[in-house]
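When reading the values below, keep in mind they use all heavy atoms of this one structure, side chains included, and skip hydrogens, waters and symmetry mates. Just so we're clear, the structure is a prediction, and the values are computed from it rather than from any experiment.
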Amino acid sequence: MTRIAGVRRLFRLRTAETVGGDVDAEIAFHLGSRVEELLARGMTPEEALRKAEEQFGDVVEARAELEALGRKRLRQERRAGWLGAVRQDVRHALRGMGRNVGFTAAVVLTLALGIGVNAAMFGITDRLLLRPPAHVVDPDRVVRGFTQYASPSTGELVVSAGVSFADYLDLREVGAFAQLAAYSAPRAMVVGSADDATEVQLIETTATYFPLLGVRPALGRFFAPAEDALPRGERVLVLRHGFWQSRFGGDPDVIGRIVEIDHAAFTVIGVAPRGFHGIDPAPAQGWILSSAFRAESWPFEEWYTTRNMIWLRLVARLAPGVTEEAARAEASAVFAATDSERYGEDSGVLLGSIIAARAPVAGGQAAVQRSGRIALWLLGVSGIVLVIACLNVANLLLARSLRRRREIGVRMAMGVGRFRLGAQVLTETLVIALFGAALGLLVAHWGGQAARSLLLPGMEWVGSPVDRRVLIFAAAAAFASALLAGLLPALHAARSDVLTLLSLGGRGSSMRRSKLRSGLVVLQAALSILLLVGAGLFVRSLQAAHDVPLGFDPDDVVVLNWHDAGLGWTNERKRELSEQALGRVQALPAVERAALSQSVPFWSMISTTFRLPDRDSLPRPAGGGPFFNIVTPDYFAMMRSRVLRGRAFSDADVEGAPRVAMVTVSLAQLLWPGEDALGKCIIYAAGDDSPCREIVGVVEDVRINQVESEHPTAMVYLPRAQAGGSGGANLMVRTRGDAQRALGTIVPAMRSLEPGLPYVRTFFLRDRIDPQLQPWRLGASLFTAFGVLALLLAAVGLYGVVSYDVTQRTREIGVRVALGARNRSVMANVVGGAVRLASAGVIGGLVIAYLTVQRLEPLLFRVSPRDPAVLLTAALLVVVVALAAALVPGGRAARVQPIEALRGE
Amino acid sequence: MANSELQLLQGTLDVLVLKTLAWGPRHGYAIARWIRETTEAELIVEDRALYVSLHRMEQRGWVESEWGLSENNRRAKYYQLTPAGRQQLQVQAQRWSRYAAAVTKVLAAAAE
């Protein structure tokens, strides 16, 4: 008998049927041998058989027992065989990885980048759009409310997130809502007093807000219903966890502390749990009752009955068993009944999930919406990066399997099945992908943190960007990429033919495979083009947004004003202080120019009406308005707005002098088409006897609200000295040198006017405009990052293919050189091939981009999605990078020595 | 108690079978004969119990089996020790010696 049990076992087929037979045969052999032995001792056959059976024991029972054991072992063996194969494959994979560290590193890094970038983007999108706000109990029953009505001016149906307090009170009657709450967008309020004062964002709510969401306080309590009384609620304050930590050092005794908010004393009653920052992803530091704040800050008592002021948003919890549709119908009926003449027949209420991705079209949240949409796009884009990474890995694996052809051939000859060979390749890819995913989580951690601060700065993010859901996503991405990257090489391994493999050995023609690998490179180039085109479009959008003529230069302009809310200053006092401050600040060396201005671009606008003496009606400016501003003479010089005709205001334009005004150029053309606006007269104010104001200057057009707006804002300017009752104003300063340092001298100068002056609010004009550019900046930076990553990966892929090709063709090249081919032509041949591949990809990519990129249009700014310059630049970039990637192997080809090449075999 | 006695017997039989196989592969019949002859028929082992022991140990991975030809040219199932079985034999043999020594000591002391 042979001892090579292991090998023999490979060939032995054991099935359930043979188990019984084996037992029978074994028992039969035993009994037979025993009988023979006993016969030899001289027993009769009958005696011998009886004795043998007696010594054996119950044969039938023994048989059953042994057979059961055999079956059990069979099952065990099968399981072990399968596990063993997997274990063997994994071991094989690990050994392979260890043997070729460079290759492994390249593949793992590639996948780590691809998976990491995706996990990071998924983490952001998930938190932003796919998940309800943290700490909300049973979020499926919580809905946001929106109103829908015909716009009074255009008649179009508009959807609005905003309601008045009166609307909220009415909708409270809706029985389908178990609870209803209203809350405001975060608004800047000053917390503290004097030197201790800071500006923070607070949300106004109703007392129902926290109980409705089911949020539990981390400390103290939330608002009590009795505190939310009309017309005046209690001055109580709930802190956000992060604010409690940063401002109060996490002091547990903070409950009961008095905090001054807008110069009124509020009592801290509670701290929200960590990570809760409200329903919308807009950062706020705390919550106060609308009824406490409004009663204080509004000059009229009817703040809760008027429908003119719309500043609240609605959130409701549906009553048990009520469908969203039924609730919507009931709420719509209530809403329509409250004010049908105002909103028209079609008015109603829309309900939507508090999960951002499932909310209906929501007006008033455009910025968040755009960031959200861009986040979704970026998730898709990062998916493309992962696909490119997978293609790269597939390419590398194919290249390696070509190098290992002989090994594969030997294994097949030894009887390793095609299925096992394919499974082996897949297992190997999976092991590599899991390593990639592990490393990718690091990428996701750092990338996620960067992306968080880029996408939504100021939001309280709790925990690492890598959480359980991101982990699951990364694992899924690893499996998907293993499948994507490993399938082609696995199929190849399984399709291999022993004879060809062995006879070709380590070299020979491999046309089909190299075609396949070239195809992968072409695909990579095409995908890179897509990303680069996207990057280009966003860069151009950002550029276009930057280049929008604002009509002033916002850089280095600081806006300052006193936070006098709740102090009851008279207009007299405001005016006096403003003018004193201007005088004081103007004299500072860090100040280039300063002016007082009633409104500040991108911060406040004052709309107005005026008349022309000889006309009944005036044409409406396309960009809305007109708006007006009251300024001191230096305003235009300080803003660097050009005065196109006439003059700017001067110190001579005072009360008693002829009354003057200035207009923007497009308003001048609208009012007096084809005529000179200078010397024309406008009547500013309601009464018929108002004196005429002469236009003394025409200033360039400005945009003061939306960078994107198509039309400039129509503006009328009045000199401050002739504007009668105007009180306080914003002090606007163009600083000289470092703006931060300048602020350090300006603010003390303002505060030193008088002891006990309130907090001075300061901001840079640029900071009011920049958030509007944020979506494009975001798109530009991330698309560019992903595009460059994709391009690099594609370049590596191309390099791999060309380099391998050169190695394979060394002999052929040697022959060519021997036959007189010049080095340069050899190189041109190699590089040309690479560029041809890249070009094929470029053409494919351009076609795909041309067909699909249209969908990006709503996110772009003044750029056609088919912008030829962008398409051309992307194409050129890919070709140039391909050229660069091919130069190294090309150079190697050119240096091939014919003798060595031929001897090398 | 009957159960633990049975286990003890089972364990005893296992170590005997393992020891038998320590010299090389054998079929079940040869093992039975060898035990019977070596113990000079003082240990009466039912053949059935021997086979159950063999099969159980095969399932545990202590022995492995394959079909071969016997001395008289008949198909027989041969068993041989696996490395795990060899180790098991060592462990169990040691335990047995200690056990036997301890029991002997007690009995000797009682005799004094």
Q) What part of Ala30(B) is in contact with chain A, defined as an atom under 4.5 angstrom from a non-hydrogen atom: side chain, backbone, both or neither? A) neither
Q. What part of Arg60(B) gets closer than 4.5 Å to chain A, counting heavy atoms only: side chain, backbone, both or neither?
A. neither
(Q) Is it the case that the side chains of Trp62(B) and Asp14(B) hold a donor-acceptor pair, with the cut-off being a distance below 3.5 Å and no angle test? (A) no
Q. For Thr82(B) and Glu64(B), does a side-chain donor sit closer than 3.5 Å to a side-chain acceptor?
A. no
Q: Measure the shortest side-chain to side-chain distance between Val17(B) and Tyr79(B) over non-hydrogen atoms and say whether it is less than 4.5 angstrom.
A: no
Q | Any side-chain heavy-atom pair of Leu18(B) and Met57(B) under 4.5 Å | A | yes
**Q.** Region of Gln55(A) in contact with chain B, defined by heavy-atom distances below 4.5 Å
**A.** both
Q: Using non-hydrogen atoms and a 4.5 Å limit, figure out which bit of Glu26(A) sits close to chain B: side chain, backbone, both or neither.
A: both
Q.
Determine whether the aromatic ring centres of residues His30(A) and Phe56(A) are separated by less than 6.0 angstrom.
A. yes
Q.
Show, in sequence, the C-alpha distance, side-chain angles and deciding distance for Ser481(A) and Val393(A), and conclude whether the side-chain contact (heavy atoms from CB on, under 4.5 Å) test is met.
A. CA-CA 9 Å; Ser481(A) 24; Val393(A) 171; over 6 Å; no
Q.
Does Tyr29(B), at its OH atom, have more than 12 non-hydrogen atoms belonging to other residues, nucleotides or ligands within less than 6.0 Å?
A. yes
Q. Is a salt bridge present between Arg63(A) and Asp24(A), judged by a nitrogen-to-oxygen distance below 4.0 Å?
A. yes
Q) What parts of residues 33-49 of chain A touch chain B if we use heavy atoms and a cut-off under 4.5 Å? A) Ser33(A), Arg34(A), Glu36(A), Glu37(A)
